[in-house]
Amino acid sequence: MPEAFEAPAGAGLTAGHYEDMVQKAQQDPETFWLDQARKLDWHVPPQQASRSDFHHDVRVDWFSDGRLNVSENCLDRHVRTQPDKIALIWQGQDEDNKDSLTYRDLHARVCRLANVLRRLGVKKGDCVAIHLPMVVEGVVAMLACARIGAIHVVLFGGFSAEGLAERLSDSGAVVVLTADVARRGDKRIPSKVTMDEAIEFCGAESRVRTVLVVSVTGADVPMQQGRDLFYTDEVAQEVPDCLPESMNAQDPLFLLYTSGSTGRPKGLVHGSGGYLVWAAFTHAIVFDHKPDDIFWCTADTSWITGHTYVVYGPLANGGTIMVYEGLPSWPAPGRWWDVIDQYGVTVFYSSPTVVRGVMREGNEVVRSRSLASLRVIGTVGEPIGPEAWQWFYKEVGKSRCPVADTWWQTETGGIMITAAANLVTPRPGSACLPLPGVEAALLETQGHTVVEGAGEGLLCMAGSWPGQALSIWKDHDRYRQTYFTTCPGYYFTGDGARREADGYYWITGRVDDVVNVSGHRIGTAEIEDAVALDPQVAESAAVGVPHDLKGQALVVFAVPKKAGVFHPDAINRAVEVGVGRYAVPEKIYVVRDLPKTRSGKIVRRLLRKIASHDLEGLGDLSTLADPDIVAELIAQVKEQN
Ligand code: PRX
């Protein structure tokens, strides 16, 4: 029988308790994590915490003798104790468009959709793609999948049809939820039409049997008979109760595609039990969760942040989530501050890109709002430099709210390194300290020697934690090779970091070919593959350069097949088609050749320096196949700016 719900781990902790937790998690992780796991409702409570192993074939294994249902943990147990508490506040980008759902309401909506999915033949272990903007149905759809043991695959609205097709084919999704049209400020995004194209792209590889269309704007959309159904018609036919599927803790809850340095995006697999323990635990302690919090994580649900901190963490802890459909400054600067004031948001978790953007609007915008309800503020996705940190702290947090800069990744499932609010003293610009149970380590660049004490190196994890991704969908060997071979015996994050003598971490950025544009993780290989589709291009290289607003920007160096007339616009188009609008490069340089080693490897380090006009310390050029190319590239970049 499920055990009674206890207060979340973080509520009312003191710094002393926190120290104790860190110690306990280190000395006796089995007991520590089983204690955390007991805060959830289990059909069969686990007797063992981790059986993970970073050697050999690599195994990530948490609570694997336990059984539970994630949606039951996010809904039913709160319906029992606090049915009328508001679970979800939704505000559309138009002021009059709003909704508010109690735990009872949300439970009912989830159950109706879960019943629809079952009726459509979705079985435990099937994949369901969710391609929706920030509307209530997006959250409902995730929880409905969890209820029946279907694996959700949330897809970003900015992906092109090809980008969507790739993910639909790889996951083998059998049902898709999409919108008629999505709103983005004044723009309208044709979600349904793009999804139709995507399914067509998949051709024989498509396993999509049904497309459920959510009418977001009520626009007319083409409906394919026998395949497409309207969401509202279907849920209306179902009852608001649905027996949850009992899942093993290791059964996949969702796949989420993310970019790496090589190859196509990979579908990271997150499990049910470990992931939920991590989501609930980190949400509670990092944000010092209180029962009457109104928790607003501004991330889109198509990113891991949206999964863990819009949906699973706060709902597992019985909190109230704020879901806002629109952009920070539409229709006018200060829109998000108004949302905070209107709803009394207490915790605001956003990104450095947003902070830098609103900072540019000037202090008057933020000072003309109260923001008195805020208690804790945080950011994620990219480094927040000390300047933006200070501004966020002073102007948004009014010098009274702790700032949690949170470092983590799609792969980690939840926050790993941060200054947990009211527990750890933050340092502006530093990601601060690993959470209890996080065995962060630095390894020197060869990946074999551990850096002790103060120093710099590759950021790794020496042991597993409950939120760790279990695998890459249908390709465990790629999982092992991507994350566990650079530093054998360790999970390698792809980031570099510096550590101070007292253990504070400073993230120095990716050490691989991944670029972080406004918190969007983009693999340069994906961009180059898309550019290669432009018939004018012989070869290209994409690199990331520092950018004031976006953190990093993408720059492409393209070598045309024929000298003479060349249309860089076609490259933008190729990226838009192959990847999505969000990945269109900031700048394209047309060049004669790329700097390469004698064995033909492109020297991206040089391209990064040249593109960012950082011409100091270019290093030894004599090992290049054509050392003269460097001066030529510098001149060409200057000329084309
Ligand atoms: O380079 C790190 C950067 O974002 C990467 C992870 O991206 P993604 O999987 O898309 O997840 C983003 C949201 C969890 C990391 O490898 N990153 C994330 N948070 C920070 C960060 N870099 C510096 N500081 C952060 N707080």
Side-chain angles (χ1 to χ4, degrees), residues 154 156 158-159 254-261 265-268 270 275 278-279 282-283 286 297-310 312-313 349-356 377-386 388-389 392 403-420 424 426-435 438 440 458-461 467-469 472 482-483 486 491-499 504-524 526 544 546 550-552 582-583:
V154 186
F156 175 47
F159 288 144
F254 64 85
L255 308 185
L256 193 56
Y257 284 85
T258 193
S259 300
S261 49
K266 37 192 188 252
L268 285 157
H270 277 285
Y275 171 79
W278 195 243
T282 54
H283 167 258
V286 173
C297 166
T298 66
D300 192 280
T301 39
S302 57
W303 306 113
I304 190 70
T305 311
H307 283 60
T308 310
Y309 301 107
V310 173
Y312 291 114
Y349 185 35
S350 196
S351 70
T353 290
V354 167
V355 173
R356 289 189 297 264
I377 56 178
T379 61
V380 59
E382 9 149 14
I384 177 159
W389 193 104
F392 194 40
V403 177
D405 169 11
T406 61
W407 177 90
W408 59 293
Q409 312 178 289
T410 307
E411 292 85 345
T412 71
I415 298 166
M416 299 289 279
I417 304 182
T418 189
V424 170
R427 245 167 240 175
S430 165
C432 300
L433 296 175
L435 287 176
V438 171
L458 305 176
L459 180 61
C460 293
M461 301 296 151
Q468 186 170 23
I472 289 176
T482 308
Y483 303 107
T486 309
Y491 164 76
F492 171 48
T493 64
D495 280 11
R498 185 164 59 75
R499 187 175 51 217
Y504 274 61
Y505 281 85
W506 295 73
I507 309 297
T508 50
R510 299 289 304 196
V511 296
D512 54 10
D513 294 320
V514 169
V515 180
N516 191 332
V517 181
S518 300
H520 291 301
R521 181 167 156 182
I522 302 173
T524 51
E526 271 171 83
K550 301 176 179 175
Q552 278 190 299
Y582 73 100

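Just so you know, these numbers use all the heavy atoms, side chains as well, and skip hydrogens, waters and symmetry mates. Whatever order the structure lists ligands and atoms in, that order sets their numbers, starting from 1.
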If you look at every heavy atom in W389 and G429, which pair is closest and at what distance? CD1-N, 3.8 Å
Give yes if a backbone or side-chain nitrogen or oxygen of D405 is under 3.5 Å from a nitrogen or oxygen of ligand 1, and no if not. yes
Would you name the heavy atoms of I384 and P352 that are closest together and state the gap between them? CB-CG, 3.8 Å
Hey, is E382 touching ligand 1 through its side chain, its backbone, both or neither, going by heavy atoms under 4.0 Å? backbone
Compute the ring centroids of H307 and Y275, then answer whether they are less than 6.0 Å apart. no
Minimum-distance protein heavy atom relative to atom 2 (C) of ligand 1: D495 OD2, 2.9 Å
Just jot down the ligand 1 atoms closer than 4.0 angstrom to any heavy atom of N516, in number order. 3 (C), 4 (O)
Sole residue of L255, T410, T412 in side chain to side chain contact (heavy atoms under 4.5 Å, CB included) with L268: T410
Atom of T493, atom of D495 and distance for their closest heavy-atom approach: OG1-N, 3.0 Å
What I want to know is whether R521 and ligand 1 share at least one N or O pair that is separated by under 3.5 angstrom. yes
Taking all heavy atoms of F392 and all of I377, pick out the closest pair and write down the distance. O-CD1, 3.5 Å
The answer for which part of T406 has a heavy atom under 4.0 Å from ligand 1 is backbone
Where on R510 is there a heavy atom closer than 4.0 Å to ligand 1, on the side chain, on the backbone, on both, or on neither? side chain
For the residue pair I507 and A431, what are the closest heavy atoms and their distance? CG1-CB, 3.9 Å
Give the residue and atom name of whichever protein heavy atom lies nearest to atom 13 (C) of ligand 1, and the separation in Å to one decimal. T305 OG1, 3.4 Å
Can you see which heavy atom on P265 is nearest to which on E526, and at what distance? CG-OE1, 3.7 Å
Please verify whether a non-hydrogen atom of G381 lies at under 4.0 Å from ligand 1. yes
Qualifying residue, where the test is side-chain hydrogen bond (donor to acceptor under 3.5 Å, both in side chains) with S350 and the options are T298, T379, T305: T298
Protein contact of atom 23 (C) of ligand 1 - nearest heavy atom, named by residue and atom, plus distance: P383 N, 3.2 Å
Options W408, W407, Y309, ranked by nearest heavy atom to atom 14 (C) of ligand 1, top entry: W408
Which ligand 1 atoms does V380 reach within 4.0 Å, using its non-hydrogen atoms? 13 (C), 14 (C)
Check each heavy atom of T410 against ligand 1 and say whether those closer than 4.0 Å belong to the side chain, the backbone, both or neither. both
